[in-house]
2 protein chains.
Amino acid sequence: MKNSPKMSDIAKRAGVTLSTVSYTLSGKRPISDAVKQKVYQAMEELGYQPNSLARALVTKRTRIIALLYPAWSSKLGPQSEFITSIAASATDHGYALLLWTSPLTDDEKVMDMTHQGFIDGAILMEVALHDPRVELLQKQHVPFVMIGRYAENADMSFVDLDFDYALETSVRYLVEEGHRHIVLINQSAELLERGIGYVVRSRDAFYREMQKHGLQGIDCCCEANDQAGYEATTNLLNDHPAISAFILMTPWPSGGIIRALTDKGLRIPEDVSLVAIFSPHLAQMTMPALTSVDFPFEEMGRLGAQILVDKLNGIETAARQVLLTPPLTIRSSSGPHR
Amino acid sequence: MKNSPKMSDIAKRAGVTLSTVSYTLSGKRPISDAVKQKVYQAMEELGYQPNSLARALVTKRTRIIALLYPAWSSKLGPQSEFITSIAASATDHGYALLLWTSPLTDDEKVMDMTHQGFIDGAILMEVALHDPRVELLQKQHVPFVMIGRYAENADMSFVDLDFDYALETSVRYLVEEGHRHIVLINQSAELLERGIGYVVRSRDAFYREMQKHGLQGIDCCCEANDQAGYEATTNLLNDHPAISAFILMTPWPSGGIIRALTDKGLRIPEDVSLVAIFSPHLAQMTMPALTSVDFPFEEMGRLGAQILVDKLNGIETAARQVLLTPPLTIRSSSGPHR
DNA sequence: GTGAAAGCGCTAACAA
DNA sequence: TTGTTAGCGCTTTCAC
């Protein structure tokens, strides 16, 4: 980092010019073997490392993509499962991933990094129905793809779980098993208020499907911890003793939920059925293992990165929209109502 | 991104020189209010966004730090809990976090990004006892801190959980509760073979403490999934029917472990005790909630970022070494042996 | 208080 | 096959 050799140093030592060194490195020009030898040797001897900052300044490509996620979800929780798959996929395509937390509030500074040329494109997480980041990115002509969806998605690329489908499937399954009193344990109230797409969509889809079956649903926002799950469940059970099924959108409270059920003397799945929308990992960590619409974090992350990279490479210019519909996997937490 | 205005454009429009614009922005020189006005207005009108790539080229600071983690742990699992806290902390200090997966195998390309001046410093995760990345970073004079430890840590900064302490504590607790046949469910065999610090240290500390009590321990590597947990437990129980306690180092198999126990007709904690070294979130997701040395992901990540930033800002030049010793939190998965 | 000009380390025309 | 040179968009020294 300190006084590192530059191309001119290599050139001097190899007895050629700067550009020859550059071309040797990039291979964009035929170079005689003799010269190649000398250049490589000089680089070796001096321990040369190209300065990609300088390179990026002229090529206008950094090979870095940003992952933008709201600052308030620093406890990203399960969402963080996206991160590793996006990063892995980006790496495979020769890109590095820059994590960039943007306070949704401060529109000005949000993109500080974005526009300054540090990134070639962006992936948005936790997209709200009306997300200021979307407009900003569009205005700045930064290529981006969303994990999640905006309200109005024409001409925008995204990858999302089809939450409408996920909740229809879950509700229908439970209803077919004879359940009539079903509750949706949704994400925290904060996320709902902020209008985060999947939180709103899940709730709406839940009620829509319940109505379709002539049933009245109950929904409830739950903070992402054990305790909150316990309390929410206890309260719900007190208020509506007829409840026989829960749909869980968030994993952290599930321990508390199961404990509350057990403490009430209710058995799973004999007395109460549980259906989750989790990653398979998490769905199988509880006892009993949860029936679940397995959330395809891995696939979604990979696809998101793929789509962005294609866009950056000019392979795909049209918007790509992917909605995934993984099947319901029946495990041990659900069964017929009796 | 496309034809964005540069400083010279602002200068022209404001009727001043390039350098005046630069100084107006940086505030490193007194500028008359009249000029300031004109400059700001011009920036406003043209929608100016400074190009930080160019800036970084001259200042030699990108305000980006890299998080290096081995490519093979793309399913970083719980380790990913570090990522969000590191990112949040970095953001607070004005740095962005660049995720960089380095194949431990290919020493050459590992640091591709590092040396090229794109990053000011690095945080290493999943540090092996003999980690090639450490030597590379040292050779390149890139400031770094480790989450985890090297074999030889003189003059190097790190933050780590004190696994010796964690295992001593766990074993001692179980022994005091009367358990004599204790097994350690460790991370996957691959991690152990690669010599990842905490995996090796945990195993060694486990046997050391068992020996201290005149006991013979059993350890077992387990892949990070439900099924592996089930099988490992079933096999262990068949081979050593006297086992009455498990220490769990990795969360994903725990569902399978609990199910295997239940299927054998063993109750927790009446017949078998479980002690985990997890994040509190995960420890409380199972039923019963796990007694655990709560893994301080949040704190470790925050501290790691803090230490690196201090180093980058020249506040702290000496190496800082932090070893955390969180207490054992007794929950419902453990009790006296009988 | 402001301006002129020399780089930062590289890429890529343009020439030979 | 190789050399020369003009930038990329900014910071900062040196002058005024």
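- From B:I64, atom CD1 reaches atom CG of B:D120 across 8.0 Å, with rounding to the nearest 0.5 Å.
- The separation between A:M43 atom CE and C:dC10 atom P is 11 Å, rounded to whole Å.
- Remark: P of D:dG9 and NZ of B:K6 are 4 Å apart, rounded to the nearest angstrom.
- OP1 or OP2 of C:dG9 has not a single side-chain nitrogen or oxygen of A:Y48 nearer than 4.0 Å.
- Residue B:K28 has a polar side-chain atom (N or O) positioned under 4.0 Å from OP1 or OP2 of D:dT12.
- Atom CE of A:M7 is separated from atom C1' of C:dC10 by 6 Å (rounded to the nearest Å).
- Atom C1' of nucleotide C:dC8 and atom CZ of B:R61 are separated by 16 Å, given to the nearest angstrom.
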Trace of the side-chain contact (heavy atoms from CB on, under 4.5 Å) decision for A:I65 with A:F144:
CA-CA 9 Å; A:I65 62 187; A:F144 69 99; over 6 Å; no
Find every protein N or O atom lying less than 3.5 Å from an N or O atom of nucleotides 14-16 of chain C, and list the pairs.
{"unit_1": "C:dC14", "atom_1": "N4", "unit_2": "A:R29", "atom_2": "NH2", "d": "3.2"}

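- Here the C1' atom of nucleotide D:dT2 and the CG atom of A:D33 are 15 Å apart, to the nearest Å.
- Heavy-atom distances to DNA chain C give each of B:I31 and B:A54 a nearest nucleotide, and the one nearer the 5′ end belongs to B:I31.
- A sub-4.0 Å separation between OP1 or OP2 of C:dG1 and a side-chain N or O of B:K36 is absent.
- Taking 4.0 angstrom as the limit, A:S32 places a side-chain polar atom (N or O) nearer than this to OP1 or OP2 of D:dT2.
- In this structure, CG on A:L57 lies 11.5 Å from OG1 on A:T62, to the nearest 0.5 angstrom.
- At a cut-off of 3.5 Å, with distance as the only test, no side-chain donor of A:S19 or A:S22 sits close to an acceptor on the other residue.
- Partners of A:R149 by salt bridge (charged side-chain N to carboxylate O under 4.0 Å, His left out), not counting sequence neighbours, listed by chain and number: A:D160.
- B:L53 comes within 4.0 angstrom of nothing in the nucleic acid, heavy atoms only.
- Minimum heavy-atom separation, B:P296 to B:L161: CD-CD1, 3.9 Å.
- Checked by atom type, the side-chain pair B:T84/A:S80 shows no donor-acceptor distance below 3.5 Å.
- From A:N153, atom CG reaches atom CG of A:D155 across 10.0 Å, with rounding to the nearest 0.5 Å.
- Against DNA chain D, the stretch residues 12-21 of chain B makes heavy-atom approaches under 4.0 Å through B:S19.
- In this structure, A:K60 does not reach the C:dT11 phosphate: none of its side-chain N or O atoms is under 4.0 Å from OP1 or OP2.
- Summarising the geometry, the separation between CZ on B:R55 and C1' on C:dG7 is reported as 17 Å, rounded to the nearest angstrom.
- The interatomic distance linking B:N51 (CG) with C:dC8 (P) rounds to 18 Å, in whole Å.
- Using a 4.0 Å cut-off between charged side-chain N and carboxylate O, B:E190 and B:R194 make a salt bridge.
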